[in-house]
Every structure is written in C-alpha cells, then in structure tokens.
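All values below come from the heavy atoms of this structure, side chains included, with hydrogens, waters and symmetry mates left out. No experiment lies behind these values; they were computed from the predicted model shown. A note on names: the letters A, B, ... follow the listed sequences, proteins ahead of strands, and every chain is numbered from 1.
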Amino acid sequence: MRNKEVAEKFYELAKMAELAGDNPFKVRAYLEAARRIENLTVPIEELATEDKLTQINGIGTSIAEKIKQYLREGKIDKLEELKKKIPETLLEIEKIPGMGAKRAKVLYEKLGIKTINDLKHAAERGLIRTLPGFGEKTEKKILEGLNSMKDKTVDRVLLGIALPLAEGITEKLRKNSPVKKILICGSIRRMRETIGDIDILVTSEKPEKVMDAFVKLPEVKEILVKGDTKTSILTFENLQVDLRVVEPDSFGAAIQYFTGSRQHNIHLRELAIKKGLKINEYGVFDLGTNKKIAGETEESVYEALGLQWIPPEMREDRGEIELAEKHELPELVELSDIKGDLHMHTVYSDGINTIEEMANEAMKMGYQYIVISDHAKALGIANGLSIERYKEQKKKIEELNKKLKPFKIFLGAELNILSDGSLDFPDKELGIFDICLAGIHTAMNQSEEKITERIKKAVSNKYVKIIVHPTGRILNGRQNYNVNVDALFNEAKKYGKVFEINSSPERLDLSDLNAKKAKEQYGLKLSIDTDAHSVDSLLNIRYGVGVARRAWLTKEDIINTMDLNEFEKFLKRSKK
DNA sequence: GCCGTTTTCGGCCCGACTGTTTTCAGTCG
C-alpha cells in the first residue's frame, strides 16, 4: 500500500506550489488531496487501476492523472518543473516561526537566499530589514527563531504524557481557583496519539484569579503570555499549555472550535455557509440578521447545523460530518464496555506484580476476567517461561480462580513469532493454554516479504488467536517494521483471527487508521489490551479505547467487551 | 484544481495577532 508515500508527494507539491506563488486555491486543492489519500483505508494503487480515483472527494481529473503518473513513473512532472524554478531548501526557511511561503519567496527573489545559512548571514548583516514588508523586528525574530529551532528536538509528546499532565493542571485549578466549567480540548480531547500543545478552556466570574492560580502552578517553567482571556505557559517537559477564559454563553462554541481538528472545523464552516449560517468560536450566527442562534453547548452548535453531536475522536474530517448529517453515526465503544484485559505480564516473566495483584486491580476496575499472558521462553531478556513454568502458573491460577469467583483468570501466553515464523513451542504443547497471543520481538529488520510471511504463518496456526502489537512501532522511537498489513488482514479473515490494539502509550498499535481498515475492509474483530507490566499500567486501557474510537469501532467490534459467559463460549468455539 | 437542491463559472473558513503600514498583508491555529 503506497497511500502514505503518495500523500507525502502531494504535501510536497502543495508546499512547492505555494512557494512558487501558484493560485492559493490550487495549493489548497493539493493539500486536500494529500489529506484524503492519507485517510484512505483502501490502497490507492487499487483505485488507480480501477479508474476510481475521481470518486474520492477533492480529487478531479488533473490530480488523478498526477497520481497515476507518480505510481507509474515515480515522479510528477508538475513537481519536477517547480523544483527547477524554486530551490527545495526554501522549505527549511518556512519552518522558522513567522516565516511563510510569501516571505521565503521574497527572501529568495530579492536577496538570493536559499538556505538557513544564507538567511543567517543576511540577518546578521542587517540586510533583511531593507526588504519591503520586513523591518527591524522581523529581522530580530528571524535570528531568535533560528536559535530556538536548534534546541527543539521532539515537537509532539505522547498522549500518555500530555493527558495526565493536563488532568493534573485542571484538577488543581478546580480546587484552587474560581472556575465554573473547565475542559481539556485540542488533540488531547480527540485522543490523538501525540500532542502538540495543551488547550484548556474555562468559564469564570473572576478570570484574573484563575490566571493567577494558573501561572503559579508547580508545573510552570516559564510564562509566555499572560492576559485576561488567554495565558500561555511552558511546562518542564517544554510543552505549551494555553488557558482561555470564555463567556458562558459561548462555552459550547469555544470547546467545539478549540477541539478541532482544523479540517473538521473548516468543513463545518463550509457547511454553515451553505445553510446561510456562520460559525466561529463565539457561536453560530445567522448570516442575514447576524443573530446568534447557538453556542452555549456543543450539542447546540452541531444541532444548529442539522447535525448529530459528533464524538471528539471522530473529528478528523474523514466522513463523520456526512454521517452526522444523515444521523447515522456509529455508537462508539466506551471504556465501560471493556469487560476484561487479555494481555498482561507478571513477576513470572518481566512484570513487577503478582497474578493476584493484577487480578485484584482488574476487579477494582470492574472487569470480569483477565488473561495472564507472560512472555514465552525464546524471549530470554524478558525471563520468558518454559512449558513447565506455565504449568506451575496454571496451578496457581486454578487456586486463585476458586478464591476470586466469579472473577476469572485465564492462562495465556505471549508467544514469539521467530525469524522463520515458528513459535516457542511445538503445537502439541500449546493445548494447555486457554488462549495464545503471538507477536514479533526479534529480527525486525527482515524484508517486508519475510516479516509478512512470518506473521501470516502465526495467523494460520490453529492455537494462535491474537496477534499483538502487529506493526511493532514505537512512537517517537522506532519505525514500524516493514509489513504488508493488507496481506495479514486477509489471512486473519480466512482464519477468524484477531488483531490487538495495544494500549501502551508508546505503541498504540494497531494505529487508528489500520484498525479502521481492519474493520471496514476485512470485517475483522479486534481486542483492546494494555500489555501491562504493573497494576498501574492496567489503567492505560483508556488510550486503547481512544484509538478504537478514532477508528470508529463499536462495542461489537471488540472481543473483550464480551461478558465472562460469552467470552468463555468464544474461547471454546475457537478451540475447535 | 475542485465543485454544484441556488452555480458548469465563480466561488473556495474564521478570527487573532504582529509588524508593517496610514488601511493591510502575512502568519498562525
């Protein structure tokens, strides 16, 4: 599947066209096309061969031709032409805060500036301020921007870091300042896997007191801006937090606006215009009379546009607005639907808590069952278990099950898919497990063909039910290994196998788009598991549920929403 | 370059902020 690759090309094309000063609407069309391609769950090659590209909203004959040319020849004529006209290195200059395409173009045309280095020299010699539309301050800002760019390493942090941080802040504000309503918005509310900055919205009768309390929080490393309606601070993680105070009758419109996504909001505003309305962060207004018709609650904003309220996790302009118009939004899976966790480790392998401790925490969370799935022997580094050790574990579990009834613990294993696709143990040994999970932990550098074949072999194994962290990615860490997920999903469909959404914040694997594809294109079931190595990390389940909701999954799509009774029947069925 | 229960031509999201300007362009989210 080459969707990502093709989308990247169109992002590049949009950037270059913008630098070249092309019609802004043409630039927008390229951007829109890139986004649409990125969000597809079917391979773009398929649509190209079947001549269905123009069925995608935002892709017409001209862009369709460019896609076909790229797939065929690995290049797009238009992009090659642009590169002859404009040096690609100008894209670097655009990354400096305050520098956009227009200014980059002026710098190139008037001073011949092509690279960051050229720019630095020109700014240091005071040449920038002589340009039309530039001044002393802009020149200074450029130099500052060049310096700050250097110490910026990672620009997005994991949801698993940002969400607890934001919750800590809102909790303290709620206790220590006169806030009425308070809500975390932005990409956190949409449960995106990584977060650029934190947006918190409040209503209050004494905004200045809220702002004072905010800047005095222990999380604050630096105050960036402090005003009556907006204050921004930097935390010690170098994460920017914006706190905004809004009027109570605009709270709904404001949280809608600041939750985004940008594309979702643009689409909503276009829809509003068609209906003779205007929408902004203050409310929904009648274009004719300029009278406000909604804004106090988020529901009222969507309703004014004739839409169902859309869950934040769906707000990416991937077709959710069209569904909301028809009142056909899916009922997304919820945290409270999860009845058990199927993937966790204990002191038997590399976990830090005992089976009983894990079970107790799970019961506290309201679960009806768990699967203990410690590592198997091939993963020596994680103290992987031999069959004998699993048999000991089985005895222990049987004892606990008597004690903890009606709660139930199942014996599982996280088997290793070895470099040739075989597992830690021969099939005849696997009968002792209630359920087998399998995943790749070694030899991740193999070719796509090899890795795909390896996992396919595990999928077809009679005893393996769930493939864990299927693409192996580590967010802000390592790339996923090369694997053809379509081939895996196809194989899983044949054998009725399940793929995991791993809730560990640095994995979230499958990703939202892959999980969406698994359901929509292959009709697969998924599991949402934590891969917990301690009682605390069992709580990570909410991140996995977030991914599932972003993938538009319902309760029925997730196997561990079954109650204990159904789940036992499910295990029996799959053993046949 | 795309798109159409007001359009096949003439539109194409909204507001805040900054710095450069005497009314606005560029950038950002």
At under 4.0 Å between heavy atoms, how does the protein contact nucleotides 14-27 of chain B? Give one character per nucleotide, 5' to 3', with B, S or -. BSS--SS-----SS
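- For the P atom pair drawn from dG26(B) and dT21(B), the interatomic distance equals 13 Å after rounding to whole Å.
- Atom CZ of Arg28(A) and atom C1' of dG11(B) are 11 Å apart (whole Å).
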Show your reasoning for whether salt bridge (charged side-chain N to carboxylate O under 4.0 Å, His left out) applies to Glu270(A) and Lys275(A). CA-CA 9 Å; Glu270(A) 284 171 349; Lys275(A) 295 182 187 265; over 6 Å; no
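- We find that CZ of Arg189(A) is positioned 21 Å from P of dG29(B), with the value rounded to whole Å.
- Between Glu193(A) and Tyr543(A), the closest side-chain pair of non-hydrogen atoms is not below 4.5 Å.
- Searching all strands for a Watson-Crick or G-U wobble partner of dT8(B) with both distances below 3.5 Å returns nothing.
- At a threshold of 4.0 Å, the pair Lys26(A)-Glu32(A) does not count as salt-bridged, since none of the basic side-chain nitrogens sits closer than that to a carboxylate oxygen.
- For the C1' atoms, the distance from dT20(B) to dC14(B) is 23 Å, rounded to whole Å.
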Throw together a table of side-chain donor-acceptor distances under 3.5 angstrom for residues 14-25 of chain A, partners on residues two or more places apart or in other chains.
from     : atom 1 : to       : atom 2 : distance (Å)
Asp22(A) : OD2    : Lys78(A) : NZ     : 3.0
Asn23(A) : OD1    : Phe25(A) : N      : 2.8

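- With sequence neighbours excluded, the residues satisfying side-chain contact (heavy atoms from CB on, under 4.5 Å) with Glu109(A) are Lys105(A).
- The gap from the P atom of dT23(B) to that of dC28(B) amounts to 26 Å, rounded to the nearest Å.
- Applying the side-chain contact (heavy atoms from CB on, under 4.5 Å) criterion to Phe134(A), with sequence neighbours excluded, gives Met99(A), Arg103(A), Val106(A), Leu107(A), Ile128(A), Leu131(A), Thr138(A).
- Here the separation of dT8(B) from dG1(B), taken at their C1' atoms, is 15 Å to the nearest Å.
- Looking at heavy atoms from C-beta onward, Ser511(A) lies in side-chain contact with Arg473(A) at the 4.5 angstrom threshold.
- A gap of 13 Å separates the C1' atoms of dT7(B) and dC12(B), to the nearest Å.
- One interatomic measurement links the two molecules: CZ of Arg192(A) to P of dG29(B), which rounds to 13 Å at whole-angstrom precision.
- Every side-chain contact (heavy atoms from CB on, under 4.5 Å) that Glu322(A) has, sequence neighbours left out, goes to His267(A).
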Taking it one step at a time, do Lys52(A) and Glu45(A) satisfy salt bridge (charged side-chain N to carboxylate O under 4.0 Å, His left out)? CA-CA 10 Å; Lys52(A) 286 182 179 165; Glu45(A) 310 89 285; over 6 Å; no
Distances under 3.5 Å only, N/O to N/O: pair up the protein atoms with those of nucleotides 1-5 of chain B.
from   : atom 1 : to       : atom 2 : distance (Å)
dG1(B) : OP1    : Tyr30(A) : OH     : 3.0
dG1(B) : OP1    : Lys66(A) : NZ     : 3.1
dG1(B) : OP2    : Lys26(A) : NZ     : 3.1
dG1(B) : O6     : Asn23(A) : ND2    : 3.2
dC2(B) : OP1    : Gly60(A) : N      : 2.7
dC2(B) : OP1    : Gly60(A) : O      : 3.2
dC2(B) : OP1    : Ile63(A) : N      : 3.2
dC3(B) : OP1    : Gly58(A) : N      : 2.8

